[in-house]
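A short write-up of the structure that comes next.
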There are 2 protein chains.
Amino acid sequence: MRKVAVVGVGQSVFGVRNDVTLQELAWEAVKEALEDAGISQKDVELSVVGTVGTRGYELMPSVVVNEYCGLVGKGPVRVEAACATGSAALWTAYTAVASGQVDVALAIGVEKMNEVDTATSLAVGGRAGNYLWEFHFYGTTFPAYYAFYATAHMAKFGTTEEHMAMVAVKNHKYAARNPKAHFQYEVTIEEVLTSRPIAWPIKLLDSSPISDGAAAVVLASDEVARRLTDTPVWIKAIGYSSDTSNFTRRLDYLGLRATRQAAEMAYKIAKISPGDVEVAEVHDCFTIAEIMAYEDLGFVEKGKGGLFIAEGQSELGGKVSVNLSGGLKAKGHPLGATGLAMIYELTKQLREERERGRQAPLRKYIGLAHNVGGTGHYAYVTVLTR
Amino acid sequence: MRKVAVVGVGQSVFGVRNDVTLQELAWEAVKEALEDAGISQKDVELSVVGTVGTRGYELMPSVVVNEYCGLVGKGPVRVEAACATGSAALWTAYTAVASGQVDVALAIGVEKMNEVDTATSLAVGGRAGNYLWEFHFYGTTFPAYYAFYATAHMAKFGTTEEHMAMVAVKNHKYAARNPKAHFQYEVTIEEVLTSRPIAWPIKLLDSSPISDGAAAVVLASDEVARRLTDTPVWIKAIGYSSDTSNFTRRLDYLGLRATRQAAEMAYKIAKISPGDVEVAEVHDCFTIAEIMAYEDLGFVEKGKGGLFIAEGQSELGGKVSVNLSGGLKAKGHPLGATGLAMIYELTKQLREERERGRQAPLRKYIGLAHNVGGTGHYAYVTVLTR
């Protein structure tokens, strides 16, 4: 397999974006990525569009997006992997370049989540698992799934609501410094703990928002990358896995097996261990998810995730600087874009383009993106290096 | 890029399948494909699920399908490319094997189209193009798009309604011999010409049906393929292209540019010319589409498609044996499955497994699958050889 590098990245402002259509939103990210790479549309040989699309009105969005962005003829496919759709787009584009089919590929992730009414979106949000058994019969909506994990983790390991709140506080702190974030303000532990319960113990401020947004990543083969840039960011590995649809068939609710398997695959291919990772973007769709991610990715042993954040190990400059973008919680979570927005942040970090207060200290220049679909229905772990 | 072969194929019965859920339907095809390849789920390293999904109730279908088929952990992605979704799944799986990431991949295409009410499905059917401009403002539904092509082709080249009817008659003749086809009966020219108009000149019997169905293809690398089977069917090339979403931005309505570009790419990579193709499955979503396909694929010059079928050149044993499965028109068109069902038929043909009256005569053993999304929004052309 050929080596593949990230040579350009772009991201739109995340938030409620009723000012643009889906395709205009995508262009915000694509334009920046093309300029960052120093190329134009004619240099792009393949366009992969990732979008879940169930909360927008455009049912076959990838053709519309490609047309608006000047990429007619380049697009074979649109991909979807629930909340890991962005990583699915990255993996598909990466695989095409690695195979030798194309030298330059563009992965676009875009999502409009505010185009349908609340009732519909609630129904959609509940369908992250097996429709018949879990939604239709038992009324489980998405926060309830993660509440299962939170209560199990609290019962077995003594993780507390305060630990969870710390994740929100940390991520809001970094988002407040990120002009592209959905929420650009800080929150306090008190505010998180007294926020409205959604599915106990998950409260409003434990939950990532419903965001519109787009992100785009230009990938190039070894040879082309070296021509285009002095700072290629190499994709060392993309590990992936998936788990059962039926929630009752999971082994336990203490962590995500799909994350562990994807991470194991990625570490093996990249020939690194968890301790080598210096900066990471992890999937904090709910605060408990970040705590479990520390464990499932091997940053700390199972059960010690609450302690990890309480000791500041995941702050900027800690053992691993986690979610310096603000994470899903505060930067936002437009389903199709999130996985690629992680690559956006990590690329900026590894190129050392962030200003003081946002830049992770690096020695090995190893970054990791962790992107989950549903409640571990899909997981992708991407290792990036300079 | 490594060589990749088809080592196993499966297909469900196409039709109105209210007897099964989406995942059970997928299993019908997957089971046959695994048995045909002589492997089990544990040998599959990657599962790609293609489904459009807009007419079914399962909004994140790929995880449910993978679980039911015993493929938990193998699935990174679900793909969509409108009616070319099956080819998108093939391309994605092919690319992963060609790149060296995996040695054995499974592409599954499945669609349930009868799970929503008519009003909704009409609305969905109209959204093959740019939603705002074409559907919301002008009320164009899918048959109307192809009616534009039919009237233009008739006006410029003298193609007739009889020419179009011949396509339906031919394809029903072959579907009547196909126990997996949606319609297993013949029709006459008279019956087609007097069938109810849908969007003139397109009549009911010019139109492919709304079908449920699934198809699955097992791909393997060179080395593994040779261990598994004496009759690997090699994927020599997959060409692809796409066109504008906005219908008014097309160059003309006389053919599909995306098909021509995809075919050119495929012929170039496979180092063959159109005259080398002996057996083909083309995208006859409407009868006019098959006539244009003869031209866009280079089997006959532009404008002579009507003459081609009138002279019997696309019958079994003609210049190119086209749609011996019955085509979309009579075999059926479950959106996500169609592209893979084409591979199913071509694999059986190239292995010479079909009985008399269904088997194309072969000397060069070169087959071609032509799969379109929307009205040329996407096109994939796959060349297969023995």
Side-chain angles (χ1 to χ4, degrees), chain A residues 1-2 21 23 46-47 52-54 57-60 62-68 71-82 84-85 87-89 91-92 95-101 124 127-132 238 240-246 249 257-258 261 373-374 377-378 380, chain B residues 1-2 21 23 46-47 52-54 57-60 62-68 71-82 84-85 87-89 91-92 95-101 124 127-132 238 240-246 249 257-258 261 373-374 377-378 380:
Chain A
M1 282 205 327
R2 305 199 296 179
T21 60
Q23 55 267 42
L46 179 80
S47 166
V52 175
T54 47
Y57 63 62
E58 191 62 67
L59 284 180
M60 291 184 190
S62 123
V63 189
V64 176
V65 165
N66 277 326
E67 181 178 21
Y68 193 81
L71 296 162
V72 172
K74 323 274 190 172
V77 75
R78 162 277 193 94
V79 300
E80 177 266 314
T85 290
S87 290
W91 173 82
T92 305
T95 300
V97 179
S99 76
Q101 268 189 83
V124 166
R127 292 187 188 186
N130 187 292
Y131 169 72
L132 261 183
I238 301 182
Y240 56 78
S241 189
S242 54
D243 210 325
T244 62
S245 166
N246 191 322
R249 290 226 177 105
R257 177 171 64 164
Q261 290 175 335
H377 292 85
Y378 300 89
Y380 291 80
Chain B
M1 282 204 329
R2 305 198 297 178
T21 59
Q23 55 266 42
L46 179 79
S47 165
V52 176
T54 46
Y57 63 62
E58 191 62 68
L59 284 180
M60 291 185 190
S62 123
V63 189
V64 176
V65 165
N66 277 327
E67 180 178 21
Y68 193 81
L71 296 162
V72 172
K74 323 274 188 172
V77 75
R78 164 278 193 94
V79 299
E80 176 267 313
T85 288
S87 291
W91 173 82
T92 304
T95 301
V97 179
S99 76
Q101 269 189 82
V124 166
R127 290 187 189 185
N130 186 293
Y131 169 72
L132 262 182
I238 302 182
Y240 56 79
S241 190
S242 54
D243 211 325
T244 62
S245 166
N246 190 325
R249 289 226 177 106
R257 177 172 65 164
Q261 291 175 334
H377 293 86
Y378 300 89
Y380 290 80

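By convention in this document, chain letters (A, B, ...) are assigned in the order of the sequence lines, proteins followed by strands, and residues within each chain are numbered from 1. Any value given below was found using the heavy atoms of this structure, including those in side chains, with hydrogens, waters and symmetry copies removed.
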task: Might you point out which heavy atoms bring B:Lys74 and A:Ser242 nearest each other, and give the distance in Å?
output: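 Shortest heavy-atom separation between B:Lys74 and A:Ser242 comes out as N-OG, 3.5 Å.
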
Does the side chain of [X] reach to within under 4.5 Å of the side chain of [Y], using non-hydrogen atoms?
| X | Y | answer |
| --- | --- | --- |
| B:Tyr380 | A:Val77 | yes |
| B:Trp91 | A:Thr92 | yes |
| B:His377 | A:Val72 | no |

Proximal component of A:Ala258, with respect to chain B [non-hydrogen, under 4.5 Å]: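 The answer is neither part of A:Ala258.
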
- request: Please state whether the side chain, the backbone, both or neither of A:Arg2 comes within less than 4.5 Å of a heavy atom of chain B.
  value: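 Interface part for A:Arg2: neither.
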
message: So, taking the atom named CD in B:Gln101 and the one named OH in A:Tyr240, what distance separates them when rounded to the nearest 0.5 Å?
response: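 It comes to 5.5 Å.
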
task: Drop me the distance from A:Asn66's CG to B:Asp243's CG, to the nearest 0.5 angstrom.
output: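 Taking CG in A:Asn66 and CG in B:Asp243, the distance rounds to 11.5 Å.
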
query: Is a side-chain N or O of B:Ser99 found less than 3.5 angstrom from the main chain of A:Ser99, in a donor-acceptor match?
result: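 Here the side-chain-to-backbone pair does not exist.
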
- request: Could you check which of B:Val79, B:Ile238, B:Val65 has the highest count of heavy-atom pairs closer than 4.5 Å to chain A?
  value: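 Ranked by heavy-atom pairs under 4.5 Å with chain A, first place is B:Val79.
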
